[in-house]
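Here is the structure we will look at.
Computed from a predicted structure; not experimentally measured. Lettering of chains follows the sequences in order, A, B, ..., and the numbering in each one begins at 1.
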Number of protein chains: 2
Amino acid sequence: MSLRSQMLKGILEGCILSIIHQQPTYGYEISVILQEYGLENISEGSIYPILLRLQKEKLIIGEMRKSESGPKRKYYQLTEDGNEALKEFYLQWEAIKNPVDNIVHQGG
Amino acid sequence: MSLRSQMLKGILEGCILSIIHQQPTYGYEISVILQEYGLENISEGSIYPILLRLQKEKLIIGEMRKSESGPKRKYYQLTEDGNEALKEFYLQWEAIKNPVDNIVHQGG
DNA sequence: ATAAGCTACCTTGTTATACAAAGTAGCTTA
DNA sequence: TAAGCTACTTTGTATAACAAGGTAGCTTAT
C-alpha cells in the first residue's frame, strides 16, 4: 500500500463531506471533482465505500435521480450530523496541518 | 478510534523522520518535540513502533548512549535511504495538503 | 532505606480505512 | 452490435495509530 494511500486515511472522508457540502452530488462526479482539485487517481473503490459508510452513519442522505445521459445517479447531501462532522473535520485538519507544516519547513 | 488517529496515518512517520533529520534524537524526546509543535498526546505506543519500523526499513539507525540523568537513550539518525524517504514525504505532503486546503476553504 | 515519580524503552491486540479488483448495468455512438 | 463511457456495488488485503500493559534506571523527598 502506497504512502499516499496511508496519508489519505481519514482525510478523504472529510474531503468528500466538504465537496457534498458545497453542492449535492454523486459518486462518479466526486471522483472528477477530486481530480480537478489535484487529488488524482482516487478510485471508485475508495469513494463508494466512503459514501456508503457516511450514509450508514447518517452524515449524508442519498436520493436516486434520473440522468439525462447515462444511468441513474445517487445524489447525496449532508444531514445536520454531517454538518457537525464536517466542522469537526475542519478543526482536526487545521490542528494537524499547521504543526506538520512547521515540522516540514523547519527540517527541510 | 479517533478521527485524528486516522488522519495521522502515514503523516506521523514523516514527521518523525523530519524531526530526526533536524537533529539526532530519541523516542522520548520526540514525543516532547511533537508536543511543542502542537501535536499533543502522541503516545509512546505510536512513537516506538514507528521507530522500530523505520529502523527495520533501514531509514534510520539507532545507537544507545548513556544519559547524564536517567536511563540510557537510543539516539536515531537518518540513513541515506531515510533522506530519500523524507524527500518523498515532503512531496506527498504538499501533493495532499494543497488540494485538501482548497477543498476545505472552498466549502466553508 | 524506601517510596514516589519521572525518564526511557518495548510489545500485543484492536480498529479503522484506502484501494485493488472484480462485477453489474444503462446509455450513446459508430 | 460492439465499443466506450457513465455509474454504482462488493470482497478482500495491507497497514498504521494507539490503548494498555510491562520493564527498568535514576532522582528526590520522607
Side-chain angles (χ1 to χ4, degrees), chain A residues 1-17 25-35 39-57 59-60 62-76 85 89 92 95-96 100, chain B residues 1-17 25-35 39-57 59-60 62-76 85 89 92 95-96 100:
Chain A
M1 181 165 283
S2 72
L3 173 56
R4 192 183 80 141
S5 297
Q6 285 299 332
M7 291 176 66
L8 281 174
K9 294 206 176 184
I11 294 176
L12 203 48
E13 182 175 306
C15 289
I16 288 177
L17 274 179
T25 183
Y26 54 99
Y28 192 83
E29 194 181 42
I30 289 172
S31 73
V32 175
I33 294 175
L34 286 171
Q35 287 253 353
L39 288 180
E40 287 167 34
N41 300 117
I42 306 292
S43 79
E44 301 184 352
S46 304
I47 292 169
Y48 287 107
I50 288 175
L51 290 172
L52 294 175
R53 200 195 313 150
L54 292 174
Q55 193 176 28
K56 203 160 116 190
E57 293 169 357
L59 303 184
I60 60 177
E63 175 201 1
M64 294 302 284
R65 292 192 213 160
K66 279 177 195 155
S67 165
E68 290 149 25
S69 63
K72 284 194 287 184
R73 299 163 175 170
K74 195 161 184 185
Y75 280 81
Y76 289 100
F89 170 69
Q92 287 297 333
I96 287 175
V100 173
Chain B
M1 180 165 283
S2 73
L3 174 56
R4 192 181 81 142
S5 297
Q6 286 299 333
M7 292 175 67
L8 281 174
K9 295 206 176 187
I11 295 176
L12 204 47
E13 183 175 306
C15 289
I16 288 178
L17 275 179
T25 184
Y26 54 99
Y28 192 83
E29 195 181 41
I30 289 173
S31 73
V32 175
I33 293 174
L34 286 171
Q35 287 253 354
L39 289 180
E40 287 167 34
N41 301 116
I42 306 292
S43 78
E44 301 185 351
S46 304
I47 292 170
Y48 287 107
I50 288 176
L51 290 173
L52 293 175
R53 201 195 314 150
L54 292 174
Q55 193 175 29
K56 202 159 115 189
E57 292 168 359
L59 304 183
I60 59 177
E63 175 201 3
M64 294 303 284
R65 293 191 212 160
K66 278 176 195 156
S67 164
E68 290 149 21
S69 62
K72 284 194 287 185
R73 298 163 176 170
K74 195 161 182 183
Y75 279 82
Y76 289 99
F89 170 68
Q92 286 297 332
I96 286 175
V100 173

Quiz item: Atom CD1 of I60(B) and atom P of dC9(C): how far apart are they, to the nearest Å?
Solution: 11 Å
Quiz item: Nearest-Å distance, CD1 (I11(A)) to C1' (dT17(C))?
Solution: 12 Å
Exercise. Identify the two heavy atoms, one from L12(A) and one from S46(A), that lie closest to each other, and give their separation to 0.1 Å.
Key: CD2-CB, 4.1 Å
Quiz item: For nucleotides 23-30 of chain D, read 5' to 3', which letter fits each nucleotide if B means a protein heavy atom sits under 4.0 Å from the base, S means only the sugar-phosphate is that close, and - means neither?
Solution: --BSS---
Quiz item: Can you find a donor-acceptor pair, distance only, under 3.5 Å between E44(A) side chain and dC19(C) base?
Solution: no
Practice problem: Find the distance R73(A):CZ to dT9(D):C1' and express it as a whole number of Å. | Solution: 18 Å
Exercise. For L12(B) and for G45(A), find the nucleotide of DNA chain D with the closest heavy atom, then tell me which residue's nucleotide is more 5'.
Key: G45(A)
Exercise. Identify which nucleotide among dA17(D), dT6(D), dT15(D) has an atom closest to any side-chain atom of Y28(A), counting heavy atoms from C-beta outward.
Key: dT6(D)
Quiz item: Would you say S46(A) reaches dA18(C)'s phosphate, i.e. side-chain N/O to OP1/OP2 under 4.0 Å?
Solution: no
Quiz item: Rounded to whole angstrom units, what separation is found between the CE atom of M7(A) and the P atom of dT15(D)?
Solution: 17 Å
Practice problem: Verify the contact: side-chain N or O of R53(A) to OP1 or OP2 of dA16(C), cut-off strictly under 4.0 Å; return yes or no. | Solution: no
Quiz item: Which whole-number value in Å describes the distance from E63(A) CD to dC8(D) P?
Solution: 13 Å
Exercise. Take the protein atom CD of E13(A) and the nucleotide atom P of dC19(C), then report the distance between them rounded to whole Å.
Key: 13 Å
Quiz prompt | Candidate nucleotides dA16(C), dT9(D), dA18(C), ranked by approach to the side chain of L8(A) - the nearest | solution = dA18(C)
Quiz prompt | Candidate nucleotides dA8(C), dA16(C), dT15(D), ranked by approach to the side chain of Q6(A) - the nearest | solution = dT15(D)
Quiz item: Can you check whether K9(B) has a side-chain N or O nearer than 4.0 Å to OP1 or OP2 of dC18(D)?
Solution: no
Exercise. Mind running side chain to side chain contact (heavy atoms under 4.5 Å, CB included) on Y28(B) and R73(B) for me, showing each step along the way?
Key: CA-CA 8 Å; Y28(B) 192 83; R73(B) 298 163 176 170; over 6 Å; no
Practice problem: Please determine, for the side chain of Y48(A), which listed nucleotide (dA7(D), dA18(C), dT11(C)) has the closest atom? | Solution: dA7(D)
Quiz item: Nearest of dA18(C), dC9(C), dA20(C) to any side-chain atom of S43(A)?
Solution: dA20(C)
Practice problem: Could you summarise the pairing of DNA chain C as dot-bracket text, marking Watson-Crick and G-U pairs under 3.5 Å with ( ) or [ ] inside the strand and | across strands? | Solution: ||||||||||||||||||||||||||||||
Quiz item: Please give, in whole Å, the distance from dA14(D) P to E57(B) CD?
Solution: 16 Å
Quiz prompt | Closest to the I50(B) side chain, choosing from dA18(C), dT6(D), dA17(D) | solution = dA17(D)
Exercise. Compare side-chain N and O positions of Y26(A) against OP1 and OP2 of dA7(D) and report whether any pair is under 4.0 Å apart.
Key: yes
